Every structure is written in structure tokens, then in C-alpha cells.
Amino acid sequence: MEPKIKETAWNPEIEKQILKQWEDSRAYEFKPQGEVFVIDTPPPYPSGRPWHIGAAAHYAQIDMIARTARMSGKSVLFPIGIDRNGLPVEMYTEKKHNIRMHETDRAEFLKLCATALDDLEAEMIQIMKNLGLSGNFSEYYRTDSEQYRALTQTTFIELWKKGLIYIANRPNNYDWITGTTIADAEITYEEIPTKLVYMKFKIKDSDKVLIIASTRPELLCACQAIIVNPEDERHVDSIGKSAIIPVINREVQIKTHPSAEKEFGSGAVMVCSYGDQNDVALFRELKLQEIVAIGKNGRMTEVAGPYAGLKVKQAREKIIEDLQNQGLVEKVESINHRTPISERSKAPIEIIPMEEYYLKQKESVEKIKELGSKIVFHPPMHKQILMNWLESITIDWPISRRRFYGTEIPIWYCKKCSEPHIPEPGKYYKPWKDPSPISKCTKCGATEFVGEERTFDTWMDSSVSPLYVSKYGHDEEFFKKTYPATIRPQSKDIVRTWLYYTILRCEQLTRQTPWSEAWIMGYGVDEHGAKMSKSKGNVIDPLPVIQKFGADTFRFWSASEINLGYDFRCSEQKIETTKKFLSKLWNISRFLSGFQIVKSDKVFPADKWILSELDKVVSECKKGFDDYNFFVPSTSIREFTWNLFAAHYIEMVKGRAYSDSFSKEERDAAIFTLHKVLSTLLLLLAPITPFITDYLWQTLYSDKTIHKEKFPQQENHEDWTGFTKPITEFNSNVWNKKKEQNLSLKDSIEMAIPDELQQFAKDLQAMHNLKSG
RNA sequence: GGGUUCAUAGUCCAGUUGGUUAUGACGUCGCCCUUACACGGCGAAGAUCCAGGGUUCGAAUCCCUGUGGACCCA
């Protein structure tokens, strides 16, 4: 029989046809029947090319989760969304058009942002499709759509009514570059070289001088106290006295506080509003009057006297100079200071008192610990990231932002008495331009209102994703079937934001955990283990890689190279060599495509042996798939396919299959077993490499797609795997012997078959052309 | 300072409850067109399993200490 497959290598171009077939037949449509499996897919932010190759690998694996569930017989809801809220597009737009957001007409600015997002999004969707994602593209959602934003606002209104939201004026993390308050979760820390200045404070009515070391001398004007450790005998006689702030020439009291470390600097610390979070705590505890020294524009305020109007950094330089000129500096040290910076804009955080909206979270911590402990984490160790974060929560979540491209806070204030009013839930509101939906102030009866101008922190949107995909508040029937979702796949760097905030919000709104499992992936790093960044030039763009080698190659690389939860290295060369496995699979199939599919009731020893090994692979794969760890099935299948099936079994039964001197029964058993093994392998590989397996499946075994099939089950054959070692060793011995004797592999040779392999003798003889004797 | 985690050939990685000769791949070198595949086959070289100590008949594996790296928190 002519082989059905003619080409000698898998051509990734075929992926396009298959993709079209999937789309035309709506192969992955979700029907809420039977056992439902819901994935709370992370909506990617379309930040433009190159997309991070680690992210592409991540999505490939999320698709494997979806396909695994489908092949386990579940109805899978695999939503596709695009995250479009937030800072990056605003900054991109400012740069692209050389404008400043706060100086641009709001409606005009939003339009520019939306246009930019549309372009970037189209490209992103195309990459996701090309990767072979079996998601619900026909209904993909955007987090800036009217519907999504209405949901964010509705949930806000619900929480407001539950009394979980309040307004407070308190010192807050402020990013002066983007001009907005940010939450603790959005801060990162960097070691930045800075000067530690040892300043001389004169003690009043004494000729003594107190040395105070600080990295923030520009805040001298906001100094309201000096603290020393009560057990520090060096300062005992200064306690209770006043010190004169250098340059500023104002008096402050010297107090005791245990937080002053004896080892740091001179042991005396100046308390200013606000150098860091510790200052905030001290101001509260010691009931000090705050002085706002830094304004929203990142410049010193008028209280800084001669330094007013200078940027913080300039003011620092200038005041150090002045201190030195007046002989008020003992010394200056250069140190690396761990500085809080904004994750997004990289600006150093200033702590400035601002009036913001807060969502209560402190009182939910214990409840969330309890819910968190019930969520199954893959891998389990990453649960610790959540638990550590819960331990460190000290303040409520500031949710308002002074930005434009986000969901508007749906509030109107009475023009007369400033009483805030919230509208009816269910609609999307834009208070900065919409007329007030409230006609009369509930407090004073006035009829004129002013809309709130601020927007929400984008995590307010993202944290309701499981509610959005299950149509919370829209379709009660659908919601019941799809909420809570099954699994949240995401990367480990956003556990303290996206994962945490989602549990918090869903608990507050639904009293339930949003999903029963969380699947946490590591970062993609470069081939030397360094973080990829545009400035280092070690970024790999996944798009050309996928185009060159095909999505299946990329996916198989991702599965076989990434151990769940750990960081993984990316190199184009590694991806390229992965392609060889697909070639191997292709050629095995090409060989088998020359043999008709037959049924056979009887199998022979070699067949029993390989089926027994196959059974082992099936069981190992099941374990890996159950844990959504695709490293396990991909490596186990590759090793079996290459090193046992192709190298030994196929060679052993080739003679039988071509039927030179074998009975029909023997021949059929071989062909039956060959097809049985290959079809099983294709099914096991289908979630990992959906294109090539579907093509081969439809060419060899069925007129329907492989992706509607179920996983093969373990058959519990008699265990023949003990023969693996003797068989492979014997074959190796023969090959070596022939080599030694300079024989070709098809040449005849005289060699004794070991006793334990006697039952395989006929196949082995044919395989090696052994002389009987 | 606290936490999590990692350390196995030139490189990447496996190694279940301790148990003969430590897995596989990439790369390197040699030989080979063999009725699926040269995008292939066969073979070879390459590891003091980070260091030190302990438990044990026996440790890459368990325990302690240290060193080095990554990440998180204060």
C-alpha cells in the first residue's frame, strides 16, 4: 500500500489550514452542559511588539490546560479578554503625540488612547490565534468596554452600600510622574546610590551638638521631632530638650522611641512628614502636626522657603551644599539605599497626604487566609507568596487614581454641601462629562451636582474577571453553572495584586473563593538566566519564532522546557531543536501510513512488551495532566517515542510488518500494535501540539478532529517492562558488533540470543539478520 | 533582618518512599544512505551530584552548618 503521507517533514504552513478548519467548524464552542470547567484567563495587556516570549509560552500552556480538561470530558469555558485599562497606554500616547495628559482635553485624550489600543490589540489577538489557543475568540472581551466598566462600577456600588468603601485624607504613596496615588502592591524596591548626610543639630541652651544621619535632608523643613532610643546612654541628657534644625533654624523636641536604632548613624533620627512609612507611623503615634513639604508636581512647597519650587532631587543637592557652606555637615557617605519606586513609571515614591477612596481590606485578611488555604495551588509552594503578602497588609486599599484611561468612579457630589451620591447600579457612568443622574441631594435638597473626575485603580477592574466571564448580574442561569470558576492561571509576579485582589473582591461580593485552583507560572528569562529587558537587548520576540518553526514546535518547547512554577530559560536555538521531535513523529506516521489499519485478537511478545511500556507512559501522562504540569507528559512521550518505540520496537517488527517469513496473524498483530501505539501517542500529545496531531489523526484514523476525542485510559496489561533493558542492551550489542566488524546494518551476523529473550527470537532474528546457529 | 527557592557533564534538565553502573536533550567528536526519517541512525568522550559535618550497612536523595545565586517581605 502506498503511504498516505508523502512529504518527509512536517511543514508548519499546514497549521494555517488547520486553524481555518477549527474556526469554520467552531470546534471549541462552549456549551454549559455536563461537568463545566471554567478558566479565569488572564487578559493580556496589548503593550506592543515584541510580546514577551515568556508570556507567549504562558498562554500556550493555559491552552494546554483547556485542552486537557476538554479531553477529560469536560465542557470548557476558555474566555479570551484584552486588558485595556491603565497607565501604559496613557504614557504611550503622551510620548507618541508629545502631549501631557493633564493638559489635554479628556475626551480627545481618551480617543487617542483607544485608537492606539485597537492597533496593538489586533496584533495580539492574531498572535494568540496563531499559537493555537482554543479560546472563545468570537466573544472576546475588553476591560474598557461599556459592559465591563459597568460591572466594575456596579460592584463598587454594591461594596459602597455594604459600607466597605470610605474616603480618607491620609499620607499615601504618590507617584509624581504619573500624578497619582498608588497602592503598596504597585511599589517595587531598588537599591539606588544616594548620599547619607550627617548633619549637626545644636541642642538648645547647651553647647552640645547632636549628629543626625539622613538620606532626605531636603525634608528638614518638615521635621517635627527627633527620636533617640530610650536605652541609648549617649543621648540620655538630651531627652526632653529642644534641638535647632540646621539651615531652617526651627526648634524641635527630642523624644524617645524604640524604633530608633542605636547602630544606625548616630542613633538619633529625625522624623519628617514624610520620608518613609515609618515616619507616617511615628507622626500618628506621637501626634505630630504634619508639614507638607512636597507637592503633587514633585516639587518642594512654599514651606521649604528658599527651596520652594525645586524638584526633590535638586532641593536635596542644594540643601547639602548650603549645609556644607555653613559648616553644618560632619560627613557625607555614599550608600546604596533601598528606595521605593513606582512599578510602572519607575519614579521614586513620595508620601503625600491626599484624600482618596479606600476599600476595606484589613478586616478581610483572616477570612482570605482561610479561603486561600482551601485553594489548590500548582505548584503548592507558591501559596506561600499569597500568605506572605497577607501577613504584610497594614493599610486599606486606596482605589482612586488621578488618571484618565480607566473606569470612572461613579459618584456625584452635591454642589452645595458636597455630599457624595452614587447612582443606580447596572449602567456605565462617566461622571466627568455625564449629567448627574441624581436630581436632589439627599442631605440638603440642592439640585446641582459635580461629577467625580477620578478613575479606579485598574486592579479594581481586573479583580472581577471571574465575575465578568460568568456573567455575574446578567445571566443568573449561566452564573450558577460557571461560578466559582475552576482555575486561575497566572504568573507569579502578580500574586499579591491580581490573585489577592480577586479573592478579596469576590469574597466581599459573593462570599466565596472565585476558583478552586490556582496555577502559577514562573518568568521567562534569557538563555543565561538573566531577566529579559529591552535595554539589555536580550528580548526574544515570539512572533518570528512561531512563524519560522510553527506553533506546535513553540508549544512543545514550552511544555518540555518549563517546569511548573519555576523560572525558565528561553533560547531560539533550543526551540529550533525541538522541531526535530515533530519531524520524528511525522516520519513514524509516514511509515505507518503505508499499513492498513487492522484488528487483531492476538499479540506477540514484542507487542506485549511495547504495549506494556505504552501503558506506563499513559499513566505518567495522566499524572502530569492532572497536575497541569506539561513537562511530565511531554518529556515522557518524547523519550518513549524516540528511544523505545522508534529505535527498538519499530525496528524489531519491521520484518513482521512487511511479512517476509511471518504468518498473517503475526503480521496483523504487528501492524495493529504499531497503530495502537501511534494513535495513543497522538491522543496524549493533542493538548500539547494540537496542529500536527490533528493533521495526522485526520489523515490516518478519522474524518473528525482529534480535539473531540477523550484521553486514552490505562489498560493494565501484564507488566512486560522488565524486558526493556535486556532488549535495548541486546540490540545495542548487535549494532556495536557489526560496527566492530565493519558490517552494514543489513548484513548478516552470527550472535546468540540470550535465554531471557528467547520469546522475542523471531523478531530479533529478522531485525538484525542473525544467522541461526 | 525574616521568608521562599535553587545549586547534578561545556549548556539545560530528570532523579518518586535513601538501595547495583546517576536520566534525557543540546552541543562536541568518530563512523554510517540501513525498503519512515541525513530535520536520520549507531557509537564515543564528558559529573568528586556546591563545601563541610551528621544519621545509616548504604546518601545526589534525610538532618545540621556554611558558601553562592534568584525572588519576595520588613
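Just so it is clear, the values below take in all heavy atoms, side chains as well, and ignore hydrogens, waters and symmetry mates. Each chain gets a letter, A, B and so on, in the order the sequences are listed, and its residues count up from 1. Note that this is a predicted model, so its numbers are computed, not measured.
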Quiz item: Looking across every strand, which nucleic acid part, if any, lies under 4.0 Å from A/Ile588 by heavy atom: base, sugar-phosphate, or nothing?
Solution: base
Exercise. Select base, sugar-phosphate, or nothing to describe what A/Lys654 touches, counting heavy atoms under 4.0 Å on all strands.
Key: base
Quiz item: Any side-chain N or O of A/Lys584 under 4.0 Å from OP1/OP2 of B/rC39?
Solution: no
Quiz item: Does A/Glu666 use its side chain to pair, donor to acceptor, with the backbone of A/Ser663 at less than 3.5 Å?
Solution: yes
Quiz item: Does any N or O in the side chain of A/Asn587 come within less than 3.5 Å of the main-chain N or O of A/Thr8, such that one atom is a donor and the other an acceptor?
Solution: yes
Quiz prompt | B/rA9 versus B/rU61 - spacing of their P atoms, nearest Å | solution = 15 Å
Practice problem: For B/rG53 and B/rG10, measure between their C1' atoms and round to the nearest Å. | Solution: 31 Å
Exercise. In whole angstrom, give the distance that lies between atom NZ of A/Lys737 and atom P of B/rU34.
Key: 23 Å
Quiz item: Under a 4.0 Å heavy-atom cut-off, which of residues 719-732 of chain A touch RNA chain B?
Solution: A/Ser732
Self-check item: Per A/Arg569 side chain, nearest of listed nucleotides B/rC37, B/rC12, B/rG24
Solution: B/rC12
Exercise. Can you measure from CG (A/Asn11) to CD (A/Gln17) and round to the nearest 0.5 angstrom?
Key: 8.5 Å
Quiz prompt | Most 5' of A/Met381 and A/Lys746 on RNA chain B, judged by nearest nucleotide | solution = A/Met381
Self-check item: Among B/rG24, B/rG3, B/rC37, the one nearest A/Thr8 by side-chain distance
Solution: B/rC37
Self-check item: Ring centre gap for A/His382 and A/Trp389 strictly below 6.0 Å
Solution: no
Quiz item: How about A/Phe625 and A/Pro633: do any of their side-chain heavy atoms sit closer than 4.5 Å?
Solution: yes
Self-check item: Interface residues of residues 621-641 of chain A with RNA chain B (non-hydrogen, below 4.0 angstrom)
Solution: A/Phe631, A/Glu639
Quiz item: Which value, in whole Å, describes the distance between the C1' atoms of nucleotides B/rU5 and B/rC42?
Solution: 41 Å
Exercise. Evaluate the side-chain proximity of A/Leu674 to A/Asp607: yes if any heavy-atom separation is below 4.5 Å, no if none is.
Key: no
Practice problem: Pick base, sugar-phosphate or nothing for A/Asp493, based on heavy-atom distances below 4.0 Å to the nucleic acid. | Solution: nothing
Self-check item: Whole-angstrom distance between B/rC62 and B/rG24, as gauged at atom P
Solution: 22 Å
Quiz prompt | Contact check, side chains of A/Ile520 and A/Gln490, non-hydrogen atoms, under 4.5 Å | solution = yes
Self-check item: Side-chain touch A/Ser589/A/Leu700, heavy atoms, less than 4.5 angstrom
Solution: yes
Self-check item: Atom pair distance, as rounded to whole Å: CD in A/Glu7 and P in B/rA36
Solution: 17 Å
Self-check item: Value in whole Å for how far the P atom of B/rG40 lies from CD1 of A/Ile650
Solution: 15 Å
Exercise. Taking A/Gln61 for its side chain and A/Ser558 for its backbone only, find out whether a donor-acceptor pair lies under 3.5 Å.
Key: yes
Quiz item: Is it true that A/Tyr695 and A/Trp586 have ring centroids separated by less than 6.0 Å?
Solution: yes
Quiz item: Any side-chain heavy-atom pair from A/Pro690 and A/Arg555 closer than 4.5 angstrom?
Solution: yes
Quiz item: Are A/Gln361 and A/Trp397 close enough that some pair of their side-chain heavy atoms sits under 4.5 Å apart?
Solution: yes
Exercise. Take atom CD1 of A/Ile393 and atom P of B/rC72, then tell me their distance rounded to the nearest Å.
Key: 17 Å
Quiz item: Counting just side-chain N and O atoms, does A/Tyr658 come under 4.0 Å of either OP1 or OP2 of B/rU35?
Solution: no
Practice problem: Verify, without hydrogens or angle tests, whether A/Asp763 (side chain) and A/Phe760 (backbone) share a donor-acceptor contact under 3.5 angstrom. | Solution: no
Quiz prompt | Stepwise salt bridge (Lys or Arg N to Asp or Glu O under 4.0 Å) check, A/Glu350 with A/Arg216 | solution = CA-CA 11 Å; A/Glu350 296 298 346; A/Arg216 305 291 307 266; 2.9 Å; yes
Quiz item: Should A/Asn563 be listed as having a side-chain N or O under 4.0 Å from OP1 or OP2 of B/rC13?
Solution: no
Practice problem: Determine the Euclidean distance between corresponding C1' atoms of B/rC13 and B/rA60; express it in Å to zero decimal places. | Solution: 14 Å
Quiz item: Whole Å only: how far is the CG atom of A/Leu743 from the P atom of B/rU34?
Solution: 13 Å
Quiz item: How long is the line joining OH of A/Tyr523 and P of B/rU4, in whole Å?
Solution: 17 Å
Exercise. Determine whether more than 12 heavy atoms belonging to other residues, nucleotides or ligands lie under 6.0 Å from atom NZ of A/Lys369.
Key: yes
Self-check item: Beyond-backbone contact of A/Ile588 with A/Leu681, side-chain heavy atoms, under 4.5 angstrom
Solution: no
Self-check item: RNA chain B: 5'-proximal contact among A/His382 and A/Asp567 (nearest heavy atom)
Solution: A/His382
Self-check item: side chain to side chain donor-acceptor pair (under 3.5 Å) partner of A/His648, chosen from A/Asn643, A/Thr728, A/Asn731
Solution: A/Asn731
Self-check item: Distance between C1' atoms of B/rA45 and B/rU28 (Å, rounded)
Solution: 9 Å
Exercise. Using the P atom on both, measure B/rA59 against B/rG52 and round to a whole Å.
Key: 14 Å
Exercise. Measure from the side-chain N and O atoms of A/Asp694 to the backbone N and O of A/Ala686, and report whether any donor-acceptor pair falls under 3.5 Å.
Key: no
Practice problem: For B/rA51 versus B/rU4, give the span between their P atoms, rounded off to a whole number of Å. | Solution: 24 Å
Quiz item: CG of A/Leu745 versus P of B/rG43: gap in Å, rounded?
Solution: 10 Å
Self-check item: Residue pairs passing the salt bridge (charged side-chain N to carboxylate O under 4.0 Å, His left out) test where at least one lies in residues 620-633 of chain A, sequence neighbours excluded
Solution: A/Lys622-A/Asp626
Exercise. Quickly work out the A/His675 NE2 to B/rA36 P distance and round it to whole Å.
Key: 14 Å
Just the atom pairs and distances: protein N or O near nucleotides 26-28 of chain B's N or O, under 3.5 Å.
{"residue": "B/rC26", "atom": "O2'", "partner": "A/Gln573", "partner atom": "NE2", "Å": "3.3"}

Quiz item: Reading RNA chain B 5' to 3', how would its secondary structure be written in dot-bracket notation, given Watson-Crick and G-U pairs with both distances under 3.5 Å, brackets [ ] for crossing pairs and | for partners on other strands?
Solution: (((((((..(((......[....))).(((((.......))))).....(((((..]....)))))))))))).
Quiz item: Under 4.0 angstrom, heavy atoms only, what part of the nucleic acid is A/Glu651 near: base, sugar-phosphate, or nothing?
Solution: base
Taking N or O atoms only and anything under 3.5 Å, show me the protein contacts with nucleotides 29-31 of chain B, one pair per line.
{"residue": "B/rG30", "atom": "N2", "partner": "A/Lys739", "partner atom": "NZ", "Å": "2.6"}
{"residue": "B/rC31", "atom": "O2", "partner": "A/Lys739", "partner atom": "NZ", "Å": "3.3"}

